[in-house]
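We use all heavy atoms of the structure for the numbers below, so side chains are in, but hydrogens, waters and symmetry mates are not. Below, chains carry the letters A, B, ... as their sequence lines are ordered, and counting in each starts from 1.
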2 protein chains.
Amino acid sequence: MEFDRMSSAGYLLNYSARLFAELLRNRIAPLGIVPGQFPALLALWEKDGVTQKELLATLDIEQATLANTLTRMERDGLITRKEHPADARARTIHLTERGRFIRDSAYQAATQINQEALAGLSEAETKAFLDSLRRVIGRIKEDEKSL
Amino acid sequence: MEFDRMSSAGYLLNYSARLFAELLRNRIAPLGIVPGQFPALLALWEKDGVTQKELLATLDIEQATLANTLTRMERDGLITRKEHPADARARTIHLTERGRFIRDSAYQAATQINQEALAGLSEAETKAFLDSLRRVIGRIKEDEKSL
DNA sequence: TCGCATTGCATAGCAAGCTATATAATATTA
DNA sequence: TAATATTATATAGCTTGCTATGCAATGCGA
């Protein structure tokens with residue numbers, strides 16, 4: 001009556017994010033990776049051999065979340081971690097051969113999912129949609145600072 | 001280079017959903033509730049005394065997720081569960097006084113958050129944005145069926 | 001250079017989502 | 001009506017996010 005979920009940006013964003021994640025999960029399962037590993041993989045495909053701290057700086061998650069994700073990625077044979085040559089606290093993160101190998105298929109999967117999910121929108125609508133998303137994100141991050 | 005997160009609907013949706021949830025979490029913390037309880041509360045404020053199955057039918061989550069959320073809501077003193085008069089397998093779900101009491105403040109908090117987060121968009125842009133979200137959701141759910 | 005602050009990472013513990021499976025009660029059917 | 005199927009809910013175990021905290025190594029200032 002008074003609060004319609006389907007008119008609430010917060011609700012719609014949560015729901016669509018879950019649907020997207022599910023789609024992606026199904027699509028990349030054959031590659032042996034899961035959605036939470038995607039951002040870290042993207043970053044490592046760009047630049048390998050970095051420390052956790054350097055990797056973290058390129059991602060929008062918390063340090064503890066990344067540490068746990070990296071542990072699972074190591075368990076799954078996607079990365080290895082070596083001692084840092086100069087700082088015994090740090091470790092450098094390296095893609096395994098498998099981690100490197102799946103790159104193209106993973107890109108393709110993600111690109112396809114985005115295309116399919118947005119297939120109902122025109123090119124102009126898609127542009128506006130992504131732009132609105134970026135502006136909403138920017139707005140919330142501004143807001144947070146002023147707390 | 002080849003895959004820019006900030007142009008990926010999936011990434012932007014995940015990120016904005018997390019930011020929204022964080023905002024909501026902070027805003028409703030004083031009420032003693034958390035974001036995951038919101039949809040169930042909305043439904044119960046509309047109609048109380050229902051079974052888990054009836055409640056589930058109005059939500060977009062899985063049965064097991066709801067069962068766990070209800071257990072936490074009971075622990076937190078928001079609901080109680082009574083034996084169903086006619087079916088010993090089922091239980092009816094009832095808001096406590098506290099669960100009923102926070103209704104208006106919770107509505108207000110959610111409404112405010114939506115407004116603030118969308119404050120950078122014009123009315124027309126907001127409309128288009130919500131409409132795109134609903135269309136994307138619809139599209140993915142269609143897709144899923146044909147798997 | 002010794003002591004303290006900072007830094008890099010890990011761990012604990014929680015929420016909220018999922019799938020798969022268990023359990024008990026009810027309903028159906030041979 | 002006895003055996004079987006279905007239904008309502010709960011539980012186990014996983015991921016992905018979070019905050020708070022621990023711990024060891026490094027860096028810096030007196």
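Per the geometry, CG belonging to B/Leu56 stands 17 Å off P belonging to C/dA16, to the nearest Å. When the C1' atom of D/dT9 is taken as reference, atom CD of B/Glu74 falls 13 Å away, rounded to whole Å. Remark: P of C/dC14 and CZ of B/Arg75 are 9 Å apart, rounded to the nearest angstrom. Per the geometry, CG belonging to A/Leu70 stands 12 Å off P belonging to C/dT11, to the nearest Å. In this structure, B/Phe20 places its CZ atom 18 Å from C1' of D/dG17, rounding to the nearest Å. When the C1' atom of D/dT15 is taken as reference, atom CD1 of A/Ile61 falls 13 Å away, rounded to whole Å. Following rounding to the nearest Å, B/Asp60 (CG) and C/dA16 (C1') show an atom-to-atom distance of 15 Å. Taking atom CG of residue A/Leu24 and atom C1' of nucleotide D/dT15, one finds them 13 Å apart after rounding to whole Å.
Following chains of ILVMFWY side-chain contacts shorter than 4.5 Å, one can reach A/Phe20 starting from B/Met6, so the two form part of one hydrophobic cluster.
When each of C/dA10, D/dT19, D/dA12 is scored by its nearest atom to the side-chain atoms of A/Gln52, the top-ranked nucleotide is C/dA10. Closest to the B/Ala88 side chain, of the nucleotides C/dA15, C/dT19, C/dA25, is C/dA25. For B/Thr51, the listed nucleotide lying nearest its side chain is D/dT9; candidates were C/dA16, D/dA10, D/dT9. Comparing D/dA8, C/dG8, C/dA16 by their closest approach to the side chain of B/Val34 singles out C/dA16. When distances run from any side-chain atom of B/Arg18 to the nucleotides D/dT9, D/dG17, C/dG8, the shortest one goes to D/dG17. Considering only the side chain of B/Arg25, C/dA16 comes nearest among C/dA16, D/dT26, C/dA12. You'll find that the side chain of B/Arg91 is closest to D/dT9, out of C/dG17, D/dT9, C/dT19. Of the candidates C/dG17, D/dG17, D/dA25, the closest approach to any side-chain atom of A/Asn14 belongs to C/dG17. Considering only the side chain of A/Asp87, D/dA25 comes nearest among D/dA10, D/dA25, C/dA16.
Interatomic distance, A/Ser132 OG to B/Leu118 CG, rounded to the nearest 0.5 Å: 9.0 Å. To the nearest 0.5 Å, atom CD of residue A/Glu125 and atom CZ of residue B/Arg135 are 4.0 Å apart. To the nearest 0.5 Å, atoms CG (B/Asp87) and NE2 (B/His84) are separated by 6.0 Å. Residue B/Asn14 holds its CG atom at 10.0 Å from CG of A/Leu24, rounded to the nearest 0.5 Å.
In this structure, A/Thr65 reaches the D/dC18 phosphate: one of its side-chain N or O atoms is under 4.0 Å from OP1 or OP2. At C/dA16, one or more side-chain N or O atoms of B/Arg72 fall inside 4.0 Å of OP1 or OP2 (strictly under the cut-off).
One can find a donor-acceptor pair under 3.5 Å joining the base of D/dT7 and the side-chain atoms of B/Arg89. The base of C/dA10 sits within donor-acceptor range of the side chain of A/Gln63, with an N or O pair under 3.5 Å.
The pair B/Glu83-B/Arg89 fails the salt-bridge criterion, with no side-chain N (NZ, NE, NH1 or NH2) lying under 4.0 Å from an Asp/Glu carboxylate O.
Residue A/Asn68 is classed as a base contact, given a heavy-atom separation below 4.0 Å to a base. Counting non-hydrogen atoms under 4.0 angstrom, A/Ala64 reaches a base of the nucleic acid.
Mapping A/Glu54 and B/Glu62 onto DNA chain C by nearest heavy atom places A/Glu54 closer to the 5' end of the strand.
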